[in-house]
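A short write-up of the structure that comes next.
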Amino acid sequence: MQKISVRSALSADQVGNQVKLEGWVRTRRDSKAGFSFIELNDGSCMGNIQVVADGNLANYESEVKKLSPGCSVRVLGEIVASQGKGQTTEVQASEVHVYGWADVETYPLQKKRHTMEKLREWAHLRTRTNTFGAVFRVRNCVSRSIHNFFQERGFLYVHTPIITASDCEGAGEMFKVTTLDLEAPPKADGKVDYTQDFFERPSFLTVSGQLEGEIFATSLGNVYTFGPTFRAENSNTSRHLAEFWMVEPEMAFVDLEGNMQVAEDFIKRIISDVLNDCGEDLQFFNDRIDDTVLSTLTSMADSEFLRVSYTDAIDILLKSGQKFDYKVEWGTDLQSEHERFLTEVHFKRPVILHDYPRSIKPFYMRCNEDGKTVRAMDVLAPKVGEIIGGSQREERLDVLEQRMQEQGLNPADYWWYLELRKYGTIPHSGFGLGLERILQFITGMGNIRDVIPFPRTPGSAEF
């Protein structure tokens with residue numbers, strides 16, 4: 001007997017087939033006529049399939065009538081056209097086998113609403129809910145779309161290291177990796193002697209694969225990396241995680257304008273794929289989480305992303321008459337409220353800001369001839385603000401060394417990065433997209449902790 005998914009079983013073309021289904025019971029109700037209706041879900045889609053279990057089943061009284069939410073079962077039977085409202089098919093069961101029971105008194109996911117905060121306490125079970133089933137089906141779709149976009153364009157997928165001795169962002173908010181005895185670390189001249197550590201130097205979990213990605217871009221052309229990154233920022237906001245996933249393309253012989261175009265095409269491709277492949281899940285988010293999800297995504301997919309310089313954006317904000325919590329002035333980084341004003345109120349569409357002040361951007365961004373700005377760009381989306389950050393990279397050795405000195409970095413720590421500028425340097429560009437950030441945008445989920453399977457945040461490393 002063929003095993004099929006609930007998603008397949010809900011299709012009218014399955015009527016008449018003898019099938020096997022396996023999954024978890026959502027609900028069971030009994031009829032006075034001597035049979036039971038079981039709502040079965042296996043995670044393949046939002047919907048459940050109704051299983052009709054007759055009283056003549058051998059285990060009807062002993063097991064079927066004791067099924068409760070959370071129990072796992074195997075159902076054999078025939079798919080028939082449903083007489084019920086709102087469903088196309090149902091299964092007339094010839095056998096119901098119970099794999100595992102769920103104590104109705106202690107199983108936490110009873111038929112009532114739970115807060116997102118409460119569900120985080122049950123991260124091992126929350127994927128059984130409609131909300132989180134939808135979140136992780138969308139996450140899967142977005143991940144597949146990311147790979148498809150770059151693979152179809154001839155990009156090479158590379159795996160950059162998770163353990164690194166380089167601080168790409170220069171912010172210092174990195175998790176240290178060590179095998180030293182933290183109770184009694186070896187000392188030299190009053191400081192920890194890292195020459196006795198595993199890597200014989202201070203080492204960290206990476207905040208970005210960009211610098212290593214540039215190695216590949218300057219030899220193999222267009223590449224991308226997609227993997228976990230880490231930031232030891234003591235932040236409990238709804239937009240920050242200590243562990244998150246980043247996709248970072250690096251492109252050879254591409255300037256800032258080309259970089260911006262790839263970023264726009266990339267975002268549109270992801271949204272288009274989700275709209276095409278996750279309609280049921282997006283409708284759920286639109287109905288239950290944020291009633292602007294579908295209109296925002298459709299608008300984003302159809303919009304032309306405006307290119308606006310940072311300087312012009314500051315001018316617009318200063319002249320807007322809008323009262324902001326954070327002061328607007330040239331030379332400061334824009335906050336989410338500023339970015340959202342630009343996309344939601346002033347332009348009413350996605351915006352790519354470019355040419356930011358060099359004083360607020362990392363050392364690797366290419367300096368403009370004005371001496372004040374760098375060839376940076378941020379893609380801003382309605383509702384979330386910055387969704388992509390990137391730049392044309394500084395390919396001139398002397399300028400790069402000067403920028404390192406400005407930011408108090410030791411060039412010796414980046415000797416290999418500098419050598420890329422000594423031996424056949426090229427213009428090149430890249431950007432980073434946080435997977436969880438775009439998932440928040442797509443689903444309308446209010447907290448970034450609810451779009452990653454097991455959130456890592458200050459004080460929390462459960463599961």
Side-chain angles (χ1 to χ4, degrees), residues 120-121 123-124 158-216 225-248 250 333 359-365 389 393-394 400-421 432 434-437 448-449 452-463:
R120 277 177 226 136
E121 297 177 15
H124 59 308
V158 299
H159 302 101
T160 53
I162 288 175
I163 298 174
T164 180
S166 302
D167 182 359
C168 175
E169 298 300 322
E173 296 167 334
M174 302 177 76
F175 289 101
K176 193 161 284 183
V177 176
T178 183
T179 57
L180 294 177
D181 180 358
L182 298 182
E183 298 294 328
K187 297 285 186 74
D189 299 325
K191 297 181 180 180
V192 175
D193 183 7
Y194 285 104
T195 63
Q196 297 188 47
D197 205 350
F198 187 91
F199 294 110
E200 301 181 358
R201 70 187 68 190
S203 301
F204 311 90
L205 296 180
T206 185
V207 298
S208 169
Q210 177 202 315
L211 302 188
E212 292 85 359
E214 287 187 51
I215 293 174
F216 283 84
T225 181
F226 183 18
T229 50
F230 308 85
R231 185 160 294 174
E233 182 178 0
N234 189 13
S235 172
N236 279 294
T237 76
S238 62
R239 290 163 54 88
H240 291 95
L241 290 165
E243 176 185 280
F244 49 98
W245 282 65
M246 287 283 289
V247 55
E248 298 174 289
E250 289 294 324
D333 220 348
S359 59
I360 62 172
K361 290 296 182 181
F363 69 94
Y364 54 74
M365 296 186 175
R393 313 312 191 190
E394 182 56 76
L400 187 59
E401 289 175 329
Q402 180 189 348
R403 289 284 285 150
M404 286 182 169
Q405 290 172 358
E406 282 178 16
Q407 299 191 3
L409 299 175
N410 182 4
D413 294 337
Y414 300 85
W415 65 270
W416 53 270
Y417 188 70
L418 293 170
E419 283 200 352
L420 296 177
R421 278 70 180 168
L435 176 61
E436 288 75 26
R437 186 66 62 84
I448 201 165
R449 302 176 194 202
I452 193 168
F454 306 103
R456 298 291 181 252
T457 54
S460 177
E462 197 71 58
F463 305 99

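No experiment lies behind these values; they were computed from the predicted model shown. We use all heavy atoms of the structure for the numbers below, so side chains are in, but hydrogens, waters and symmetry mates are not.
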With distance as the sole test, does Q407 use its side chain to make a donor-acceptor pair with the main-chain N or O of K361 at under 3.5 Å?
yes

Could you pull out the closest heavy-atom pair between P458 and E233, with the gap in Å?
CG-O, 4.2 Å

Closest non-hydrogen contact found for L180 with Q196 is CD2-O, 3.7 Å

F226 versus L435: any side-chain heavy-atom pair under 4.5 Å?
yes

Of all heavy-atom pairs linking F463 and R456, the shortest is O-NH2, 2.6 Å

Heavy-atom pair with the smallest gap, counting every atom of L205 and M174
O-CE, 3.6 Å

T229 versus T206, side-chain donor and acceptor atoms under 3.5 Å:
no

Can you measure from CD (E243) to CD (E436) and round to the nearest 0.5 angstrom?
8.5 Å

Any side-chain heavy-atom pair of L211 and I215 under 4.5 Å
no

Can you tell me if T457 and N236 form a side-chain donor-acceptor pair at under 3.5 Å?
no

Rounded distance (nearest 0.5 Å) linking atom OG of S460 with atom CZ of R449
7.0 Å

Any T160 side-chain heavy atom under 4.5 Å of F216 side chain:
no

With a 4.5 Å heavy-atom cut-off, do V192 and Y194 have their side chains touching?
yes

Identify, with sequence neighbours excluded, every residue that meets salt bridge (Lys or Arg N to Asp or Glu O under 4.0 Å) alongside E406.
R358, R403

Let's go through E250 and R393 carefully: what are the C-alpha distance in whole Å and the side-chain angles of both, what is the deciding distance for salt bridge (Lys or Arg N to Asp or Glu O under 4.0 Å) to 0.1 Å, and is it a yes or a no?
CA-CA 9 Å; E250 289 294 324; R393 313 312 191 190; 2.5 Å; yes

Using the test side chain to side chain contact (heavy atoms under 4.5 Å, CB included), find all partners of I360 that sit at least two apart in sequence or belong to another chain.
D333, Y356, P357

Are the side chains of S238 and I448 in touch, meaning some heavy atoms are under 4.5 Å apart?
no

For F175, the ring-ring contact (aromatic ring centres under 6.0 Å, His included) test, sequence neighbours excluded, returns none

Note, T164 side chain near E212 side chain (heavy atom, < 4.5 Å)
yes

Report yes or no: do Q210 and E214 form a side-chain donor-acceptor pair below 3.5 Å?
yes

Would R421 pass as a cation-pi partner of Y417, given that its NZ or CZ must be under 6.0 Å from the six-membered ring centre and within 45 degrees of the axis?
yes

Are D189 and D193 close enough, and set up right, to give a side chain to side chain contact (heavy atoms under 4.5 Å, CB included), and what steps lead you there?
CA-CA 8 Å; D189 299 325; D193 183 7; over 6 Å; no

T225 versus V247: any side-chain heavy-atom pair under 4.5 Å?
no

For a quick test of reading the model, state the closest non-hydrogen atom pair linking E248 to S208 and the distance between them.
OE2-OG, 2.5 Å

Applying side chain to side chain contact (heavy atoms under 4.5 Å, CB included) between F230 and each of L241, V207, I162, report the one that passes.
I162

Do side-chain atoms of D197 reach the backbone of T179 as a donor and acceptor pair under 3.5 angstrom?
yes

Looking at side-chain heavy atoms only, is the closest gap between F244 and R231 below 4.5 Å?
yes

Ring centroids only, cut at 6.0 angstrom: are Y414 and F363 within range, meaning strictly under it?
yes

Does F198 have more than 12 heavy atoms from other residues, nucleotides or ligands lying within 6.0 Å of its CZ?
no

Using every non-hydrogen atom in the two residues, find where I163 and F199 come nearest and quote the distance to one decimal.
CG2-CE1, 3.7 Å

